[in-house]
Amino acid sequence: MFDTLSDRLSATFKNLRGKGRLSEADIDATAREIRIALLEADVALPVVRAFIKQVKERASGVEVSQALNPAQQVVKIVNEELITILGGETRRLRFAKTAPTVIMLAGLQGAGKTTLAGKLGQWLKGQGHAPLLVACDLQRPNAVNQLSVVAERAGVAVYAPEPGNGVGDPVKVAQDSIEYARSKQYDVVVVDTAGRLGIDHEMMQQAADIRDAVKPDEILFVVDAMIGQDAVNTAEAFRDGVGFDGVVLSKLDGDARGGAALSIAHVTGKQIMFASNGEKLDEFDAFHPDRMASRILDMGDLLTLIEQAEKTFSQEEAEKMASKLASKKGQDFTLDDFLAQMEQVRKMGSISKLLGMLPGMGQIKDQINNIDERDVDRTAAIIKSMTPGERQDPTVINGSRRARIAKGSGVEVSAVKNLVERFFEARKMMSRMAQGGGMPGMPGMPGMGGGPGRQKKQQKVAKGKRKSGNPMKRKAEEEAAAARREQGPAGLPAAAQAPEDFELPDAFKKFMG
């Protein structure tokens, strides 16, 4: 959603790199480019004006003029101001002191409230709560049935005493659901109300009546992040007509310009609390302004990536895999382990989304978007077409075995050969990383030979070069060292140290093209 905005901001900051000091003209040009980028992203004009004013004031101040790297300081300022207009700190749900906590969902028709009720229910269940979804949308055809299906998929309970389709009193259903939740010991009630238009006074009054009947602890306004500027107008209408405590952004994975997300918190004064960024029920989480600002500025979102990994991978599994890789040349790590790891990564989400959370990935977003998720399925099919013995020891896979595996998995023989070769290379690299191999002087970096044995050897060599205690002998050593300094490397005269005079050995010429 924020690709265009990210591209424009990245190009703007690139023009600042390498400048030792920023002039007033540089700051004005940067502010102008940021203003254009925000307006093109459909951010509300009052928000753009306030944002640019703050950036210009801070960029013209001491923190930039006296900075060692002014360009980085400007990026820092923009990042902090983005966090501010997105709401500042992360806003958490307020739970009632006495159960049940009542959460009411309100929003426009088609904003995705019913699906979002299921996502919120599954999220609350994952947090250790026992949620109950209440079907108070009795106007839209099949809305009650949809909520029941979504609740079943999410593994949470639903209260739907009325069939809907224009039949039933939503206010009574909402009232009765509270007593039902108490009797069944559900600690959170999520009330799904009917969608409405901002100008629909009758439906707005119905929402106000439900609010007065159940006295919700939280009223969440669900906004379609793709509707642009109108999201702000609608939010203001709901704030004045019904009132709400927080905002939930739906369809954040769309290709719209995303101005709603950057405008709504600043204009309404209510923070964004949750964001839905996909169709699956688990593609929903708490909204973190600092992480969203980092994504917009192509700084990645490593914290969310780590949280997703922690949900998918257990500590025991991670330690087990690490011990296998730490064995001699990683021989204990088999294709079965590789397949298990691959399937665990798939549980975290699509590969392109995971890569998009890494810093700097905006520069290769076209390649990321072109990743074929089916490649993972093809790889899994190849491994599953092998015998248990072949997965344990892929070195036994010869030509006839490759042909059989290729036929069983529906791929070319070359695909099987490439997979096995890539597996050996990956296992070797991961094993070296697990064992702490690295570059000279850089412990732990793969392929760099910086292991503890080498460090001890270097320490011994340095320890052996001590000055003699004999004054005459020490003087002779110092004169010999001075003579060596007057010569170039390998005994060449110092005059030959100029680059144009230095001749590389033949063995190195082939690496210089």
Exercise for the section: Check R92 against A286 and note the closest heavy-atom contact, atom names and distance. Expected result: NH1-CB, 4.2 Å
Problem - Test item: S183 side-chain N/O and Y180 main-chain N/O as donor-acceptor pair under 3.5 Å - result: yes
Exercise for the section: Using a strict 4.0 Å threshold on nitrogen-to-oxygen distance, state whether D245 and R91 make a salt bridge. Expected result: no
Practice task
Starting at CG of L45, measure out to CZ of R35 and round the result to the nearest 0.5 Å.
Solution key: 9.5 Å
Completion exercise
In short, L133 meets A151 closest at the heavy-atom pair CD1-CB, 3.8 Å
Practice task
Determine yes or no for a side-chain-to-main-chain donor-acceptor pair under 3.5 angstrom, with K384 supplying the side chain and A381 the backbone.
Solution key: no
Practice task
Check for a donor-acceptor pair, side chain of E283 on one end and backbone N or O of K280 on the other, with a separation under 3.5 Å.
Solution key: yes
Handout entry: Cationic N near anionic O, under 4.0 Å, R182 to E179
Key = yes
Problem - Under 3.5 Å donor-acceptor, D217 side chain and V102 backbone - result: yes
Practice task
Could you tell me whether a side-chain N or O of T193 sits under 3.5 Å from a main-chain N or O of L105, the two making a donor and an acceptor?
Solution key: yes
Handout entry: A96 versus P100, closest heavy-atom pair with distance
Key = CB-O, 4.2 Å
Handout entry: No-hydrogen, no-angle side-chain donor-acceptor test under 3.5 Å, Q122 and R153
Key = no
Problem - K172 and D176 ion-paired at < 4.0 Å - result: yes
Practice task
Verify, without hydrogens or angle tests, whether D187 (side chain) and A130 (backbone) share a donor-acceptor contact under 3.5 angstrom.
Solution key: yes
Exercise for the section: May I have the step-by-step check of ring-ring contact (aromatic ring centres under 6.0 Å, His included) for H129 and Y186, ending in yes or no? Expected result: CA-CA 8 Å; H129 296 281; Y186 294 109; over 10 Å; no
Completion exercise
CZ of R378 to CG of L419, rounded to nearest 0.5 Å, is 13.0 Å
Practice task
Drop me the distance from L124's CG to L93's CG, to the nearest 0.5 angstrom.
Solution key: 6.5 Å
Practice task
Could you tell me whether R391 and D336 make a salt bridge, using a distance below 4.0 angstrom between a side-chain N and a carboxylate O?
Solution key: yes
Problem - L339 side chain near T334 side chain, heavy-atom distance below 4.5 Å - result: no
Exercise for the section: May I ask you to check whether over 12 heavy atoms, not counting those of E57, lie within 6.0 Å of atom CD? Expected result: yes
Practice task
Measure the shortest side-chain to side-chain distance between C136 and D192 over non-hydrogen atoms and say whether it is less than 4.5 angstrom.
Solution key: no
Exercise for the section: Say whether, by atom type as modelled, one donor and one acceptor occur between the side chain of R140 and the main chain of A194 under 3.5 angstrom. Expected result: no
Practice task
Without swapping roles, check the side chain of E218 against the backbone of I103 for a donor-acceptor pair under 3.5 Å.
Solution key: no
Exercise for the section: Would you tell me whether R291 and T90 have side-chain atoms, one donor and one acceptor, within less than 3.5 Å of each other? Expected result: no
Handout entry: Donor-acceptor contact present, side-chain K125 to main-chain G155, <3.5 Å
Key = yes
Handout entry: Residues, nucleotides or ligands: over 12 heavy atoms within 6.0 Å of E152 CD
Key = no
Practice task
Run the numbers on D28 and K56 for salt bridge (charged side-chain N to carboxylate O under 4.0 Å, His left out), then give the verdict.
Solution key: CA-CA 8 Å; D28 288 339; K56 285 189 72 173; 3.2 Å; yes
Practice task
Using the six-membered ring wherever Trp is involved, compare the ring planes of F284 and W123 and label them parallel, tilted or perpendicular (cut-offs 30° and 60°).
Solution key: perpendicular
Problem - Side-chain donor/acceptor of N145 to backbone N/O of N142, under 3.5 Å - result: no
Problem - F274/F287 aromatic ring centres below 6.0 Å - result: no
Handout entry: Note: E81-K76 ion pair, threshold 4.0 Å (strictly below)
Key = no
Problem - Any side-chain heavy-atom pair of V190 and L132 under 4.5 Å - result: no
